[in-house]
Amino acid sequence: GAAVDLAEFRIDHSVLADRIGDRALAQTELQGAMDSLANLVREKPKNRSSLYQLLRGAYQQWHQSGQLPNEQTNAVIEQFLTGRKSIESCDDASLAAQLAVMRGDKVLASSYTSYLLEKGYFDPGFVAFCKQQQICD
């Protein structure tokens, strides 16, 4: 649990560093989180928390640098996006929309976005993403 929490913190720290323009810190923090999460997923491939954070990190890598995920992470993304039952919350659906955009599937991203908006989910980060990607209804 603590290792996943640390990786989540490092992803969040990376997002903030990217927002203020410190690309080197953003990249260092994100890579550290991804390395740690990859090890955690190898050790416990069914741990939902580490898988979720790995997916968040993959989206952030793409968002910050255009770097697409490796084969192992792509397999996790594929499983997450195709297994609707793995989407257990609005946060999951928001992440799924981000991952769908990363993979170039705006139709799927719009489907998740519509679902979230119908549920009344208006998280500021989600709304900004939705508007930026022009997938809001």
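- Residues satisfying the side-chain contact (heavy atoms from CB on, under 4.5 Å) test with K131, not counting sequence neighbours, are V127, C136.
- For residues 3-25, the pairs satisfying ring pair (Phe, Tyr, Trp, His ring centres under 6.0 Å) are F9-H13, with sequence neighbours left out.
- Side-chain atoms of Y121 and D91 include a donor-acceptor pair closer than 3.5 Å.
- Every residue meeting the side chain to side chain donor-acceptor pair (under 3.5 Å) condition with D12, not counting sequence neighbours, appears here in chain and number order: R56.
- Residue pairs meeting the salt bridge (Lys or Arg N to Asp or Glu O under 4.0 Å) criterion with at least one partner in residues 57-66, sequence neighbours excluded, do not occur; the list is empty.
- Annotation: the span from K119 atom NZ to S89 atom OG amounts to 11.5 Å, rounded to 0.5 Å.
- Shown are L99, L54, L51; of these, the side-chain contact (heavy atoms from CB on, under 4.5 Å) with F80 is made only by L99.
- Each salt bridge (Lys or Arg N to Asp or Glu O under 4.0 Å) pair with one or both residues in residues 95-113, not counting sequence neighbours, appears once here: E78-R103.
- Taking each heavy atom of I11 and Q53 in turn, the nearest pair found is CD1-O, 3.4 Å.
- For residues 1-11, the pairs satisfying side-chain hydrogen bond (donor to acceptor under 3.5 Å, both in side chains) are R10-E29, with sequence neighbours left out.
- For residues 14-42, there are no ring pair (Phe, Tyr, Trp, His ring centres under 6.0 Å) pairs, not counting sequence neighbours.
- Between A58 and T73 the shortest heavy-atom distance is CB-CG2, 3.7 Å.
- Residues forming a side chain to side chain donor-acceptor pair (under 3.5 Å) with Y59 (at least two apart in sequence, or on another chain): none.
- Residue pairs that meet the salt bridge (Lys or Arg N to Asp or Glu O under 4.0 Å) test with at least one member in residues 63-74, sequence neighbours left out, do not exist here.
- S94 places no side-chain N or O within 3.5 Å of a backbone atom of C90 that could act as its donor or acceptor partner.
- In this structure, L116 and F122 have side chains that are not in contact, with every pair of non-hydrogen atoms separated by 4.5 Å or more.
- In this structure, CE on M102 lies 8.0 Å from CG on L55, to the nearest 0.5 angstrom.
- Counting heavy atoms of neighbouring residues, nucleotides and ligands inside a 6.0 Å radius, atom CD of Q27 does not exceed 12 of them.
- If you take CG on L81 and CD1 on I77, they are separated by 7.0 Å, rounding to the nearest 0.5 Å.
- The side-chain heavy atoms of F129 and Q98, taken from C-beta on, include a pair separated by under 4.5 Å.
- With sequence neighbours excluded, the residues satisfying side-chain contact (heavy atoms from CB on, under 4.5 Å) with S49 are V4, N47.
- Within the 4.5 Å cutoff, side-chain heavy atoms of Y52 are placed close to those of D92.
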Only distances under 3.5 Å count here; give the side-chain donor-acceptor pairs of residues 32-41 to other protein atoms, sequence neighbours excluded, each with its distance to 0.1 Å.
unit_1: D35; atom_1: OD1; unit_2: Q31; atom_2: NE2; d: 2.8
unit_1: N39; atom_1: OD1; unit_2: R42; atom_2: NH2; d: 2.4
unit_1: N39; atom_1: ND2; unit_2: D35; atom_2: O; d: 3.4

Using atom types as modelled, flag every donor-acceptor pair under 3.5 Å from a side chain in residues 14-23 to any protein atom, sequence neighbours excluded.
unit_1: S14; atom_1: OG; unit_2: A26; atom_2: O; d: 2.8
unit_1: S14; atom_1: OG; unit_2: Q64; atom_2: OE1; d: 3.4
unit_1: S14; atom_1: OG; unit_2: Q64; atom_2: NE2; d: 3.1
unit_1: D18; atom_1: OD1; unit_2: R23; atom_2: NH1; d: 2.7
unit_1: D22; atom_1: OD1; unit_2: L25; atom_2: N; d: 3.1
unit_1: R23; atom_1: NH1; unit_2: D18; atom_2: O; d: 2.8

